[in-house]
Amino acid sequence: WLNDSAATTSAVLAQMEQHLWVHLACHAVQDPLEPLQSAFILHDGGLTLRIMRLRFDRGKTLAVLSACQTAAGDSKVPDEAVHLAAGMFMAGFQNVVGTMWSINDHDASVFVTAFYSYLINEAHGDSNRTADALHYAVRKLRDQVGQSNFFKWYPLFMSGFELCTS
């Protein structure tokens, strides 16, 4: 865990190099004109997609992005997948979980708790089962907030290589 002043760009990169999974719970900015300048905001500045793309090639298995609108595109280029989640996929992460628009902290907590509970307890830490974990967690959140409140559970998605088996 890196929190507050410990969450510097160099410290986060060092931890990312040591682990196959990353969970980024922070603010983020997207740059639709220079997509590789899109960044996760850390204590000492932005961790850009350019930096991660140069640092990581392949072999990372899971990125969970708890920053707002990590898969929101831009109205100026609506047909292009220019967003942070796509950038993490291009930076070498096999599976990326993100949101198409902001969700509130309580709903994010319900989702993340159910997601990791499934991934660790049911999938035994196999990130190839990310889609199953996503399906499970979205269902848990939907059951709690109600089917009609789709704007709370619908924006959660995964980009990756595995298909849902549940």
Side-chain angles (χ1 to χ4, degrees), residues 1-9 11-12 15-16 19-32 38-49 52 60-75 78 81-89 91 93-160 162-166:
W1 295 88
L2 295 173
N3 295 313
D4 303 320
S5 61
T8 63
T9 304
V12 169
Q15 288 297 310
M16 288 174 75
H19 300 283
L20 297 175
W21 296 6
V22 64
H23 184 115
L24 293 169
C26 57
H27 292 287
V29 292
Q30 297 196 92
D31 187 334
S38 297
F40 297 95
I41 306 304
L42 303 175
H43 183 73
D44 62 345
L47 175 55
T48 66
L49 291 176
M52 285 187 284
K60 301 297 179 186
T61 59
L62 176 63
V64 178
L65 309 179
S66 290
C68 295
Q69 302 176 25
T70 53
D74 185 82
S75 61
V82 178
H83 49 69
L84 288 161
M88 293 297 281
F89 193 66
F93 286 85
Q94 182 178 344
N95 299 295
V96 181
V97 175
T99 63
M100 292 182 281
W101 57 78
S102 300
I103 63 172
N104 71 44
D105 289 344
H106 177 265
D107 294 342
S109 177
V110 169
F111 169 78
V112 166
T113 300
F115 177 81
Y116 284 116
S117 174
Y118 185 94
L119 203 56
I120 292 166
N121 299 319
E122 301 298 322
H124 308 289
D126 182 1
S127 61
N128 288 324
R129 305 258 323 265
T130 298
D132 295 324
L134 175 74
H135 178 77
Y136 174 83
V138 167
R139 189 173 63 232
K140 286 288 188 189
L141 179 58
R142 186 184 63 215
D143 290 348
Q144 187 174 97
V145 301
Q147 177 81 18
S148 62
N149 284 325
F150 67 91
F151 56 90
K152 292 183 171 227
W153 54 264
Y154 186 80
L156 297 154
F157 87 102
M158 179 200 130
S159 176
E162 304 304 320
L163 299 176
C164 185
T165 59
S166 344

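Just so you know, these numbers use all the heavy atoms, side chains as well, and skip hydrogens, waters and symmetry mates.
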Inset, instruction - Show your reasoning for whether side-chain contact (heavy atoms from CB on, under 4.5 Å) applies to K60 and M52. - result: CA-CA 11 Å; K60 301 297 179 186; M52 285 187 284; over 6 Å; no
Legend entry - Close side-chain approach of S127 and L20, heavy atoms under 4.5 Å: no
Legend entry - Which residues share a side chain to side chain contact (heavy atoms under 4.5 Å, CB included) with T8, sequence neighbours left out: S10, A11, D44
Legend entry - Pair F151-I103, side-chain contact (heavy atoms from CB on, under 4.5 Å): steps then yes or no: CA-CA 8 Å; F151 56 90; I103 63 172; over 6 Å; no
Inset, instruction - Supply the atom-to-atom distance L65 CG to L156 CG, rounded to the nearest 0.5 angstrom. - result: 11.5 Å
Inset, instruction - Write down the atom of S38, the atom of D31, and the distance for their closest heavy-atom approach. - result: OG-N, 2.8 Å
Inset, instruction - Check whether any side-chain heavy atom of H135 sits under 4.5 Å from a side-chain heavy atom of Y118, and report yes or no. - result: no
Inset, instruction - Quick one: pull up CG in L119 and CG in D126 and give me the separation to the nearest 0.5 Å. - result: 7.5 Å
Legend entry - Residues V22, F40; criterion side-chain contact (heavy atoms from CB on, under 4.5 Å); working and verdict: CA-CA 12 Å; V22 64; F40 297 95; over 6 Å; no
Legend entry - Residue pair Y154 / W101, side-chain heavy-atom distance below 4.5 Å: yes
Inset, instruction - State, with a plain yes or no, whether a side-chain heavy atom of L24 is found less than 4.5 Å away from one of M88. - result: yes
Inset, instruction - Report, as yes or no, whether the 6.0 Å neighbourhood of atom NE2 on H106 holds more than 12 heavy atoms from other residues, nucleotides or ligands. - result: no
Legend entry - Point-to-point distance, once rounded to the nearest 0.5 Å, from CG of L62 to NE2 of H19: 13.5 Å
Legend entry - Closest approach of L84 to A39 (non-hydrogen atoms, all atoms of both residues): CD2-N, 3.8 Å
Inset, instruction - Compare all side-chain heavy atoms of M16 with those of F93 and state whether any distance is below 4.5 angstrom. - result: yes
Inset, instruction - Flag the pair L2 / Q15 as yes when at least one side-chain heavy-atom distance between them is below 4.5 Å, and no otherwise. - result: yes
Inset, instruction - Spell out, as yes or no, whether a donor-acceptor pair under 3.5 Å connects the side chain of T113 to the backbone of S109. - result: yes
Inset, instruction - Identify the two heavy atoms, one from F115 and one from V64, that lie closest to each other, and give their separation to 0.1 Å. - result: CE2-CG2, 3.7 Å
Legend entry - Sequence-distant partners of K152, side chain to side chain contact (heavy atoms under 4.5 Å, CB included), two or more places apart: N104, D107, V145, N149
Legend entry - Pairwise side-chain contact, R142 with F150, heavy-atom cut-off 4.5 Å (strictly under): no
Inset, instruction - Check whether any side-chain heavy atom of Y116 sits under 4.5 Å from a side-chain heavy atom of H23, and report yes or no. - result: yes
